[in-house]
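To keep things clear, I will list the structure first and then write my remarks on it.
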Amino acid sequence: MAAKNSRASAVPAAASPAAPPPPASAASDRSSETLERLRASIGTLSTMMRRELEETLPWYRRLSADERSALGLVAQNGITAFVSWYEHPSSPSWVLSDVFGTAPTELTRSISLQRALQLIRTVVQVVEDRVPELAAPEEQVGLREAVLRYSREVAFAAADVYARAAENRGAWDTRLEALAVDGILRGENTDALQSRISALGWTSHSRFTIMAGPAPSEPTAPFLATLRRAAGRFAEDVMVGIQGDKLILVLGNVSAPESAYPRLSELFAPGPVVYGPLAATLADATASAKAAFAGIAVARGWPSAPRPVSAEDLLPERVMGGDESAKRSLILNIYRPLLAASNGLVETLSSYLQGGHSLEAAARELFVHSNTVRYRLRRVCDVTGWDPLIPREAFVLQTALIVGRLGTPAKTNQPKVAGTKGVTGK
């Protein structure tokens with residue numbers, strides 16, 4: 001009997017069910033209750049969120065009314081989207097459209113990514129602080145975890161928005177930069193050029209320098225970015241352009257040109273690098289660019305030219321290459337000033353150059369002392385900036401004399417008219 005009783009007592013013990021689990025509908029009822037509270041609190045949370053932004057973010061108060069409205073709409077969309085996400089957690093692909101909507105353009109223009117994340121943090125903090133009012137005690141932990149997961153997805157979505165905006169802005173800036181450089185080379189309207197370079201953040205209004213030289217075989221985007229950073233160490237503003245196999249640097253307010261130009265020339269591919277004359281205005285930059293390109297075309301005529309070389313130092317080669325601006329420069333800056341200075345400077349320079357650069361030979365031809373020749377040659381250097389005692393600069397001066405003479409109409413003998421001594425003598 002004892003065994004039977006023990007077996008009888010054991011059966012109920014083994015068959016006795018554990019504590020019944022809560023009905024399946026209980027969890028859903030609690031979720032439904034929390035969802036209802038969340039939906040009912042969207043307006044309140046939005047109001048609290050705006051107040052919190054005003055109080056905790058000083059930069060938010062400094063924004064314009066339109067900018068605050070756009071950002072407030074983003075934050076409100078975030079709260080509304082959280083309610084939908086809490087009900088149906090899914091892939092975060094919807095975040096970009098539901099939270100940001102059409103706001104990425106305004107968002108990225110109004111605030112930086114760092115401030116956008118501060119905005120998200122504030123919104124999340126407002127929701128998290130209201131968790132005890134929005135959920136029953138047993139659901140508060142789950143709601144807090146949902147808020148944290150949601151904030152992570154929104155933060156990643158914001159980073160993606162800014163990355164896309166940066167890529168689009170970078171592509172647009174590259175196209176705008178190419179148009180600006182091309183406009184300078186072609187001499188477009190100054191107002192249109194000024195508008196383009198201002199859109200690129202250009203601040204210089206004078207002292208433009210154009211450098212041109214061979215471009216690398218494959219000028220990739222990283223190379224151009226490195227080029228801009230390197231050139232930015234020597235100039236306040238930089239634009240980079242590629243024209244066929246030529247690389248163009250447009251520089252504004254170059255500091256210490258004597259040391260900057262050689263360092264910048266290292267950024268070009270092997271070959272001659274030429275920089276144009278300093279341009280005082282944007283309109284003059286076109287002439288500087290044309291001089292630089294004309295210099296590149298004839299640089300091989302001076303094999304020992306330095307790298308980089310000024311387009312002004314290539315005036316003789318440019319004249320031989322048919323560059324009319326080089327001819328005008330030689331006449332205006334060398335030949336005419338020498339004529340205006342008189343004192344026999346043109347004659348002395350011509351005799352010195354034709355006499356094999358000999359002071360004594362020029363003195364004998366001019367019937368003056370050699371010290372007089374030396375003094376006049378120093379005057380030539382003072383007037384023109386070119387020293388005839390340096391062979392290369394003497395070549396430039398000699399070219400200027402030739403161009404000046406060819407550009408001056410030849411004098412013709414005037415016929416005698418009645419009333420001269422030969423006529424009245426009859």
Side-chain angles (χ1 to χ4, degrees), residues 256-259 261-262 272 274-280 284 287-288 291-292 294-414:
E258 295 79 6
S259 59
Y261 293 158
V274 182
Y275 58 91
L278 192 65
D284 297 334
S288 177
I296 288 181
V298 298
R300 64 181 182 276
W302 185 11
S304 59
R307 188 178 190 266
V309 61
S310 170
E312 298 293 293
D313 291 338
L314 291 167
L315 285 171
E317 288 78 9
R318 288 166 55 193
V319 168
M320 296 176 193
D323 184 5
E324 292 296 327
S325 65
K327 294 180 181 179
R328 291 193 297 269
S329 179
L330 289 173
I331 293 174
L332 293 176
N333 299 324
I334 297 180
Y335 186 71
R336 289 183 181 175
L338 286 176
L339 288 179
S342 66
N343 198 24
L345 295 187
V346 172
E347 294 78 7
T348 301
L349 177 61
S350 180
S351 297
Y352 171 74
L353 295 175
Q354 293 177 1
H357 296 203
S358 171
L359 295 174
E360 290 75 12
R364 288 193 299 269
E365 182 178 349
L366 297 172
F367 300 102
V368 296
H369 195 275
S370 59
N371 287 340
T372 302
V373 175
R374 185 178 289 106
Y375 167 76
R376 291 178 181 176
L377 294 180
R378 284 200 299 267
R379 284 284 298 143
V380 169
C381 183
D382 294 338
V383 171
T384 65
W386 298 88
D387 189 351
L389 300 179
I390 299 176
R392 174 65 193 184
E393 299 190 15
F395 177 50
V396 175
L397 291 168
Q398 188 168 16
T399 306
L401 291 180
I402 297 173
V403 171
R405 289 165 182 157
L406 293 176
T408 303
K411 295 182 179 180
T412 59
N413 294 327
Q414 298 293 331

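With Val396 as reference, Leu330 is the one residue of Val319, Leu330, Ile390, Leu314 to meet the side-chain contact (heavy atoms from CB on, under 4.5 Å) rule. Among Asp323, Asp313, Thr399, the one residue that satisfies the side-chain hydrogen bond (donor to acceptor under 3.5 Å, both in side chains) test with Arg318 is Asp323.
Across Pro388 and Tyr352, no two heavy atoms sit closer than the pair O-CE2, 3.4 Å. In this structure, Pro316 and Arg392 approach most closely via the heavy-atom pair CD-NH2, 4.0 Å. Considering every non-hydrogen atom in both Ala341 and Leu345, the closest pair reads CB-CD1, 3.5 Å. The shortest non-hydrogen separation linking Pro277 to Ala291 is CD-CB, 3.9 Å. Between Val274 and Ser310, the shortest heavy-atom contact is CG1-C, 4.2 Å. Smallest separation of non-hydrogen atoms from Thr384 and Val380: OG1-O, 2.8 Å.
Once rounded to the nearest 0.5 Å, the distance linking CD of Gln398 with CH2 of Trp386 reads 14.0 Å. A distance of 12.0 Å separates CD1 of Ile334 from CG of Leu339, quoted to the nearest 0.5 Å. In this structure, NE2 on His369 lies 16.0 Å from OH on Tyr375, to the nearest 0.5 angstrom. For the atom pair Ser350 OG and Leu397 CG, the distance stands at 11.5 Å (nearest 0.5 Å). How far CG of Leu401 is from CD1 of Ile331: 11.5 Å, rounded to the nearest 0.5 Å. Atom-to-atom distance recorded for Asn333:CG and Leu338:CG is 11.0 Å, nearest 0.5 angstrom.
Proximity of a side-chain donor or acceptor of Arg376 to a complementary backbone N or O of Glu347 within less than 3.5 Å is not detected. Side-chain atoms of Ser288 do not come within 3.5 Å of backbone N or O of Leu278 as any donor-acceptor pair.
Between Ser351 and Thr348 there is no side-chain heavy-atom pair separated by less than 4.5 Å. With a 4.5 Å cut-off on side-chain heavy atoms, Leu359 and Leu377 count as touching.
Other residues, nucleotides and ligands place no more than 12 heavy atoms under 6.0 Å from the CZ atom of Arg300. For Arg336, the CZ atom counts as loosely surrounded, since its 6.0 Å shell holds 12 or fewer non-hydrogen atoms of other residues, nucleotides or ligands.
In this structure, the side chain to side chain contact (heavy atoms under 4.5 Å, CB included) partners of Ser358, at least two apart in sequence or on a different chain, are Glu360, Ala361.
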